[in-house]
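Taking it in order: structure first as structure tokens, then the write-up.
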Amino acid sequence: MIMKLYMKQKVFSFKDKFTIKDEQGNDKYYIEGEFLSLGKKLHIYDMNNNELAFVREKVLVFMPKFIVEVDGKEIAEIVKKFTFLRPKYYVDGLDWEVNGDLFSHNYSICSGAREIVTISKIFMSWGDTFELDIKDEGNEVIALAVVLAIDAVMDAQAAAN
């Protein structure tokens with residue numbers, strides 16, 4: 001069953017804090033970042049304030065890397081590979097690969113030939129809004145965590161330019 005989630009980040013926020021909505025426009029997840037931390041850190045909560053996943057940036061590394069933790073255990077590492085033209089990411093631990101146009105936020109995450117999630121940017125909205133089509137409900141939180149990590153890398157690169 002395909003699940004659709006909508007991620008709209010707040011504009012002009014000093015601390016990452018936003019909700020993820022379902023197809024009906026209901027809040028489904030709550031994302032909160034840590035202010036004044038070494039590296040980007042994002043917590044994914046359900047609407048009952050239970051932490052479902054934690055995404056943290058590895059610091060002092062050559063290329064951006066993020067770790068996804070569930071129940072205090074590292075389950076995946078999102079690694080940006082060095083390329084000259086297009087950004088390329090791998091999700092070690094899950095054997096997922098990121099393909100597509102990350103600059104325009106239209107990409108997919110696949111495991112071999114099987115598509116896990118497709119991400120598309122919705123234009124004509126205040127702030128960045130993304131639609132996530134997740135193919136398997138069992139991958140929902142982890143797919144969301146990977147998308148958040150990639151978005152954090154893209155935001156940091158945009159700020160550096």
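If you're wondering where the values come from, they're calculated on a predicted model, not measured in any experiment. Along the sequence shown, residues are numbered consecutively beginning with 1. FYI, side chains are in, hydrogens and waters are out, and symmetry mates aren't considered; it's all heavy atoms of this structure.
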Partners meeting side-chain hydrogen bond (donor to acceptor under 3.5 Å, both in side chains) with Lys41 (sequence neighbours left out): none

Set of side-chain hydrogen bond (donor to acceptor under 3.5 Å, both in side chains) partners for Asn50, sequence neighbours left out: Asp46

Under the side-chain contact (heavy atoms from CB on, under 4.5 Å) test, residues paired with Asp95 that sit two or more places apart: none

From Leu132 atom CG to Leu144 atom CG, the distance as rounded to the nearest 0.5 Å: 6.5 Å

With sequence neighbours excluded, residues passing side-chain contact (heavy atoms from CB on, under 4.5 Å) with Glu115: Ser108, Cys110, Thr118, Lys135

Under the side-chain hydrogen bond (donor to acceptor under 3.5 Å, both in side chains) test, residues paired with Lys40 that sit two or more places apart: Asp16

Under the side-chain contact (heavy atoms from CB on, under 4.5 Å) test, residues paired with Val70 that sit two or more places apart: Ala53, Ile75

Path from Phe18 to Phe130 over hydrophobic side-chain contacts below 4.5 Å: yes

Common cluster, Val91/Leu52, ILVMFWY with side-chain heavy-atom separation under 4.5 Å: yes

Nearest atoms (heavy-atom pairs only) where Ala145 meets Val55: CB-CG2, 3.6 Å

Common cluster, Trp96/Met3, ILVMFWY with side-chain heavy-atom separation under 4.5 Å: yes

Atom CG of Asn26 with >12 non-hydrogen neighbours under 6.0 angstrom: yes

Evaluation steps, side chain to side chain donor-acceptor pair (under 3.5 Å), between Tyr6 and Glu131: CA-CA 5 Å; Tyr6 297 90; Glu131 180 180 82; 2.7 Å; yes

Lys121 versus Asn106, closest heavy-atom pair with distance: N-OD1, 3.5 Å

Rounded distance (nearest 0.5 Å) linking atom CG of Asp136 with atom OG of Ser111: 11.0 Å

Residues forming a side-chain hydrogen bond (donor to acceptor under 3.5 Å, both in side chains) with Glu57, sequence neighbours excluded: none

Spacing of CE belonging to Met7 relative to CD1 belonging to Ile31, to within rounding of 0.5 Å: 8.0 Å

Non-hydrogen atoms of Ala143 and Val117 that approach each other most closely: CB-CG1, 4.0 Å

Within 6.0 angstrom of Glu137 CD, more than 12 heavy atoms from elsewhere: no

Pairing residues for Asp133 by the salt bridge (Lys or Arg N to Asp or Glu O under 4.0 Å) criterion, not counting sequence neighbours: Lys4

Over all atoms of both residues, closest heavy-atom pair of Ala149 and Ile78: CB-CD1, 4.0 Å

Counterpart residues, ring-ring contact (aromatic ring centres under 6.0 Å, His included), relative to Tyr29 (two or more places apart): none

Minimum-distance pair of heavy atoms, taken over all atoms of Leu94 and Ala76: CD1-CB, 3.8 Å

ILVMFWY cluster membership beyond Tyr30 - transitive side-chain contacts under 4.5 angstrom: Tyr45, Met47

Distance (rounded to the nearest 0.5 Å) between Glu97 CD and Ile109 CD1: 11.0 Å

Residue list, side-chain contact (heavy atoms from CB on, under 4.5 Å) with Glu69, at least two apart or on another chain: Phe54, Arg56, Ile67, Glu74

Joint cluster assignment, Leu148 & Val141, ILVMFWY side-chain distance < 4.5 Å: yes

Test salt bridge (Lys or Arg N to Asp or Glu O under 4.0 Å) applied to Asp22 - qualifying residues, sequence neighbours left out: none

Pairwise distance CD1(Ile20) to CD1(Ile44) - rounded to 0.5 angstrom: 8.0 Å

Considering all heavy atoms, the nearest Asp101-Tyr107 contact: N-CB, 4.3 Å

